[in-house]
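Worksheet: one structure, shown below.
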Number of protein chains: 2
Amino acid sequence: MTKKHIQIIEKAEELFATQGYEGTTVRNIADAAGVNLAMISYYFGSKEKLLEALFMERMNATKHRIEAVVNNQSLTPFQKIETLIDEYITRVEEKEAFYKIMLSEQVINKNTVVMKLLKELKLTYARLISSVIEEGQKQKVFRKDVDIVLMLTTMTGTVMLMLINKDYYREFNNQKKLPNPVFEEQLSARLREHVKTIFKAHLGYES
Amino acid sequence: MTKKHIQIIEKAEELFATQGYEGTTVRNIADAAGVNLAMISYYFGSKEKLLEALFMERMNATKHRIEAVVNNQSLTPFQKIETLIDEYITRVEEKEAFYKIMLSEQVINKNTVVMKLLKELKLTYARLISSVIEEGQKQKVFRKDVDIVLMLTTMTGTVMLMLINKDYYREFNNQKKLPNPVFEEQLSARLREHVKTIFKAHLGYES
DNA sequence: AATTATTTCAAACAAATGTTTAATTTTGCT
DNA sequence: AGCAAAATTAAACATTTGTTTGAAATAATT
């Protein structure tokens, strides 16, 4: 991965998120990245492989960050869950564009390489969470019957749809005049609290 | 709206859901619907207007069904909320393809007609729910501080992402051998219970 | 400095795209 | 049956699509 690779991937990411994969042309990407049209094929082989390269790059980084939390011995199961929620929301905020592409690509369910990467990461993630929850169950702080995938779906679903519902959240709550950074900050805090509350209600006895 | 209109709209709906709007060609639609290529322009004006016609058709039906629940005088606020959750999940199950398109289109955020329709429906929905919740608050069965949009986002987010996560839910829970109708039935019941539990935990004192 | 490899470029490629045309067929009405 | 309106068709339209080409420029190696 050279600087040029990253430069192209980042611009492609923006465009795929705002126009969709099919709605973005290689000429769009080349223009945005300030490189010649032929460079995309030269560096990645094809438009499709560029998408796959983007997914590999982003998902690899994600995997490392998740494992760091789960393997952190100094955290209690409860703290691990809360940290994983915070980490997830932070990642989505940092890489909003990529998570939008992820969402769209999952709906279409077409690119087999991307779908395989996604499934693998999801199962890994669920298994890691599973180990944390079992840890908590042994310590009698978590309930016995926990539907992990359903809980994760609620977390990702809420965060993903908030990405889409931001404006409408703002309008409904009469926060149109609020400066954008302030609004984003407030929303982020509320969202974190909201997801954590849901998890607590479902996992623990103590809530 | 003639039978031909509906015939074309339904096939377009399937294709838009599985290939995306941009990934679907008018020739694809014409072939699937068994009509000549020129018929799409003849009946709808353009590919884009066909998408808009699909949204108008589906969202109009949705609006009527929601209002019927809210205006039903024989239901308590709690029953209304539960009915709205059930109705929503039923609608998504019935029109899976359309809800996938809705999701993709919201990510892209391009077609202004579609986005306007969506925003309108969402605000209407939130206001209706709001009135139900206020009703419940007067009767002291609901809490005072309820973030309606956040709750709705959790509901729609969970249901939308479950649409995408089905297979992976199945694999993680070792239900690969279960016949599909049985699995779908179980998942539907679990999902309804799950969303209702979340709502109860957030709305009521009694849970 | 010479030569080899890598990168960049404009141009061209065939295939596919949404839409329109103009002729033909079918339908509905008197 | 005769006629006007509506529906259907194959063909053509101009653009746009992803990808390739082969020459030119730049960088790296000897």
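Proteins come first, then strands; the chains are lettered A, B, ... in the order of their sequence lines, and each starts at number 1.
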Note to self: Would you say the rings of F78(A) and F142(A) are close, in the sense that their centroids are separated by under 6.0 Å?
What the structure shows: yes

Notebook entry, point to check: Between Y43(B) (OH) and dT19(C) (P), how many Å, whole number?
Noted result: 17 Å

Checklist line | Side-chain heavy atoms of L128(A) within contact of I66(A), under 4.5 Å | finding: yes

Check: Which ones in residues 12-27 of chain B lie close to DNA chain C, meaning a heavy atom under 4.0 Å from one of its atoms?
Finding: T24(B), T25(B), V26(B), R27(B)

Notebook entry, point to check: Counting side-chain heavy atoms from CB outward, which of dT8(C), dT19(C), dA10(D) is closest to N36(B)?
Noted result: dA10(D)

Checklist line | Rounded distance in Å - OH (Y42(B)) to C1' (dA23(C)) | finding: 14 Å

Next item on the list: Examine K122(A) relative to Y168(B) and say whether NZ or CZ is less than 6.0 Å from the centre of the six-membered ring and inside a 45° cone about the ring axis.
Entry: yes

Checklist line | Closest to the A38(A) side chain, choosing from dC9(C), dT19(C), dT19(D) | finding: dC9(C)

Next item on the list: Take atom CG of D31(B) and atom C1' of dT8(D), then tell me their distance rounded to the nearest Å.
Entry: 15 Å

Notebook entry, point to check: Quick one: does K4(A)'s side chain get under 4.5 Å of M39(A)'s, heavy atoms only?
Noted result: no

Margin query: Of the options dT19(D), dT7(C), dG18(C), whose atoms approach the side-chain atoms of K47(B) most closely?
Written below: dG18(C)

Check: When you check the side-chain N and O atoms of R170(B) and N165(B), is any donor under 3.5 Å from an acceptor?
Finding: no

Note to self: Please report the distance, rounded to the nearest Å, between CG in L37(A) and P in dT20(D).
What the structure shows: 11 Å

Margin query: Within 45 degrees of the ring normal and closer than 6.0 Å to the centroid, is that where the cationic atom of K47(A) sits relative to Y21(A)?
Written below: yes

Notebook entry, point to check: Any side-chain donor paired with an acceptor under 3.5 Å for T158(B) and T153(A)?
Noted result: no

Check: Taking atom P of dT8(D) as reference, at what distance in whole Å does atom NE2 of H5(B) sit?
Finding: 11 Å

Notebook entry, point to check: Does a donor on one side chain and an acceptor on the other come within less than 3.5 Å for R192(A) and S188(A)?
Noted result: yes

Checklist line | Contact list for DNA chain D against residues 108-115 of chain B - heavy-atom distance below 4.0 Å | finding: none

Notebook entry, point to check: Where the side chain of M39(A) is concerned, which of dG18(D), dT9(D), dT8(C) is the nearest nucleotide?
Noted result: dT8(C)

Note to self: What is the distance, to the nearest angstrom, from the CG atom on L51(B) to the P atom on dT19(C)?
What the structure shows: 12 Å

Margin query: Could you tell me how far apart I8(B) (CD1) and dG18(C) (C1') are, to the nearest whole angstrom?
Written below: 15 Å

Margin query: Any non-hydrogen side-chain atom of R91(A) less than 4.5 Å from a side-chain atom of T62(A)?
Written below: yes

Item checked: Nearest-Å distance for atom pair CG/P, residues N28(B) and dT19(C) -> 14 Å

